**Student:** 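Before anything else, here's the structure in question.
Remember, it's a predicted structure, so these values are computed and weren't measured experimentally.
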Amino acid sequence: MNVNELKESAQKVQIELARRGFANVVIELPGSTRTAQEAADQIGCSVAQIAKSIIFRINETDEPLLIVTSGTNRVNEKHVSKMLNVKLSKADADFIREKIGYVIGGVPPIGHLAPVKTLIDEDLRQYAAIWAAGGHPFAVFELTFEQLVDMTGGQVTAVDPK
């Protein structure tokens with residue numbers, strides 16, 4: 001697919017991948033990938049292989065925190081707050097668009113308006129291939145856990161310790 005055939009927000013992610021030297025390709029699917037289950041159904045992979053991007057607001061600084069987690073996991077907000085020694089709140093759609101530059105359901109792990117502190121779910125490490133949002137609710141790209149860590153500079157941690 002030619003990058004010019006992608007929706008503008010997906011093009012931004014493809015251009016950012018190329019700018020950073022990654023050969024990953026953003027693809028647009030015929031159906032929605034807004035939820036981990038929808039994405040897995042469209043791609044034909046397990047829900048756990050979906051690297052879902054969840055944005056929180058760091059209350060003290062009004063800055064975003066990106067947590068990239070396995071599609072089957074939830075983020076333990078209390079655990080993350082304690083680990084980072086900050087108070088977190090859920091980010092609404094306006095905050096996400098203003099601070100990150102993308103809509104909910106299409107938030108990619110890279111290509112944000114400004115650098116974003118990122119945590120990466122250690123559970124994603126077990127998969128040879130994972131899939132992340134490509135900037136639009138119908139766009140995704142395949143990558144490895146190592147690529148995710150490299151492209152985000154994220155801290156690998158347990159986001160939902162059992």
**Student:** Where do Ile100 and Phe95 land on the side chain to side chain contact (heavy atoms under 4.5 Å, CB included) test, with the steps shown first?
**Tutor:** CA-CA 8 Å; Ile100 302 296; Phe95 179 86; over 6 Å; no

**Student:** Would you please say whether a donor-acceptor pair under 3.5 Å links the side chains of Glu142 and Asn24?
**Tutor:**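 Glu142 vs Asn24: no donor-acceptor pair found between side chains.
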
**Student:** Donor-acceptor check, side chain of Thr118 to backbone of Val116, threshold 3.5 angstrom: yes or no?
**Tutor:**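 Looks like yes, one N/O pair under 3.5 Å.
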
**Student:** Drop me the distance from Lys12's NZ to Arg19's CZ, to the nearest 0.5 angstrom.
**Tutor:**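 Here the interatomic distance stands at 13.0 Å.
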
**Student:** Shortest non-hydrogen contact from Ala51 to Val68?
**Tutor:**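 Closest approach of Ala51 to Val68, heavy atoms only: CB-CG1, 3.7 Å.
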
**Student:** Side chains of Val156 and Val149: closer than 4.5 Å at any heavy-atom pair?
**Tutor:**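 Side chain of Val156 against side chain of Val149, heavy atoms only: contact under 4.5 Å found.
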
**Student:** For Leu29 and Ile43, work out which heavy atoms get closest and say how close.
**Tutor:**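 Shortest heavy-atom separation between Leu29 and Ile43 comes out as CD1-CG1, 3.8 Å.
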
**Student:** Do Ile110 and Arg20 make a side-chain contact, defined as non-hydrogen atoms from C-beta onward lying under 4.5 Å apart?
**Tutor:**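 Yes, close enough: below the 4.5 Å cut-off.
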
**Student:** Checking Gln11 side chain against Leu6 main chain: does a donor-acceptor pair fall under 3.5 Å?
**Tutor:**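 The answer is yes, because a donor-acceptor pair under 3.5 Å joins these two groups.
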
**Student:** Identify the two heavy atoms, one from Arg97 and one from Val103, that lie closest to each other, and give their separation to 0.1 Å.
**Tutor:**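 For Arg97 and Val103, the tightest heavy-atom pair comes out as NH2-CG1, 2.7 Å.
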
**Student:** Side chains of Val80 and Val86: closer than 4.5 Å at any heavy-atom pair?
**Tutor:**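 No, their side chains stay 4.5 Å or more apart.
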
**Student:** Please report the closest heavy-atom contact between Ala10 and Ala139, naming both atoms and the distance.
**Tutor:**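 Nearest heavy atoms, Ala10 then Ala139: CB-CB, 3.9 Å.
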
**Student:** What pairs with Thr72 under side chain to side chain donor-acceptor pair (under 3.5 Å), at least two apart in sequence or on another chain?
**Tutor:**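 Side chain to side chain donor-acceptor pair (under 3.5 Å) list for Thr72, sorted by chain: Ser70.
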
**Student:** Hey, does Leu66 have a side-chain heavy atom less than 4.5 Å from the side chain of Phe56?
**Tutor:**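 They are not in contact (no side-chain heavy atoms under 4.5 Å apart), so the answer is no.
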
**Student:** Work out which heavy atom in Val26 is nearest to a heavy atom in Gly134; give both atom names and the distance.
**Tutor:**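 Closest heavy-atom pair between Val26 and Gly134: CG1-O, 3.9 Å.
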
**Student:** Just by distance, no angles: are the side chains of Thr33 and Glu38 close enough, under 3.5 Å, to form a donor-acceptor pair?
**Tutor:**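 No, Glu38 and Thr33 have no side-chain donor paired with an acceptor closer than 3.5 Å.
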
**Student:** Sorted by first residue and then second, give each ring pair (Phe, Tyr, Trp, His ring centres under 6.0 Å) pair with at least one member in residues 104-156; sequence neighbours left out.
**Tutor:**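 Sorted pair list: His136-Phe138.
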
**Student:** I want to check something: taking the side chain as every heavy atom from C-beta on, are Glu98 and Leu113 in contact at a cut-off of under 4.5 Å?
**Tutor:**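 Contact flag for Glu98/Leu113 side chains = no.
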
**Student:** Between Tyr102 (side chain) and Gly111 (backbone), is there a donor-acceptor pair under 3.5 Å?
**Tutor:**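 Between the backbone of Gly111 and the side chain of Tyr102 there is a qualifying donor-acceptor contact (under 3.5 Å).
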
**Student:** Roughly how far, to the nearest 0.5 Å, is the CG atom of Leu148 from the CZ atom of Arg125?
**Tutor:**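 These two atoms lie 11.0 Å from each other.
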
**Student:** Taking salt bridge (charged side-chain N to carboxylate O under 4.0 Å, His left out) as the definition, give me every residue that meets it alongside Lys90, ordered by chain and number, with sequence neighbours left out.
**Tutor:**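 Scan of Lys90 (salt bridge (charged side-chain N to carboxylate O under 4.0 Å, His left out), adjacent residues dropped) gives Glu77.
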
**Student:** For Ala40, does its backbone N or O pair with a side-chain atom of Gln49 as donor and acceptor, under 3.5 Å?
**Tutor:**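 Answer holds: no.
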
**Student:** Hey, is CG on Asn85 packed in by over 12 heavy atoms from elsewhere, all under 6.0 Å?
**Tutor:**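 It does not: Asn85 CG has 12 such atoms or fewer within range.
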
**Student:** Under a single-linkage definition using a 4.5 Å side-chain heavy-atom cutoff for Ile, Leu, Val, Met, Phe, Trp and Tyr, are Val75 and Leu65 assigned to the same hydrophobic cluster?
**Tutor:**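 Yes, because Val75 and Leu65 connect within a single hydrophobic cluster, where side-chain heavy atoms sit under 4.5 Å apart.
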
**Student:** Is any side-chain heavy atom of Leu143 less than 4.5 Å from a side-chain heavy atom of Met151?
**Tutor:**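 SC-SC contact between Leu143 and Met151 confirmed.
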
**Student:** Could you give the distance from CG (Asn73) to CG (Asp160), rounded to the nearest 0.5 Å?
**Tutor:**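 Going from CG on Asn73 over to CG on Asp160, the span is 6.0 Å.
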
**Student:** Could you report the tightest heavy-atom contact between Lys87 and Glu60, atom names first, then the distance?
**Tutor:**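 Where Lys87 meets Glu60 most closely, the heavy atoms are N-OE2, 3.0 Å.
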
**Student:** What I'd like to find out is whether the side chain of Leu88 reaches to under 4.5 Å of the side chain of Asn59, using heavy atoms alone.
**Tutor:**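 Side-chain contact under 4.5 Å: no.
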
**Student:** Would you say the side-chain atoms of Thr157 pair up with the backbone N or O of Val159, donor to acceptor, closer than 3.5 Å?
**Tutor:**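 No.
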
**Student:** Can you tell me how far the CD1 atom of Ile130 sits from the CG atom of Leu124, to the nearest 0.5 Å?
**Tutor:**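 Nearest 0.5 Å value for the CD1-CG distance: 5.0 Å.
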
**Student:** Counting only N and O atoms by type, is there a donor-acceptor contact under 3.5 Å from the side chain of Ser9 to the main-chain atoms of Gly135?
**Tutor:**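 Looks like yes, one N/O pair under 3.5 Å.
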
**Student:** Is a donor on one side and an acceptor on the other found under 3.5 Å between the side chain of Gln42 and the backbone of Ala39?
**Tutor:**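 Answer holds: no.
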
**Student:** Mind checking whether Ile96 and Val107 have side chains closer than 4.5 Å, heavy atoms only?
**Tutor:**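 In contact.
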
**Student:** Quick one: pull up NZ in Lys117 and OG1 in Thr152 and give me the separation to the nearest 0.5 Å.
**Tutor:**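 Spacing of NZ (Lys117) from OG1 (Thr152) equals 11.0 Å.
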
**Student:** To the closest 0.5 Å, what do you measure between CD (Gln14) and CD (Glu5)?
**Tutor:**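 Gln14 CD to Glu5 CD: 12.0 Å, rounded to 0.5 Å.
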
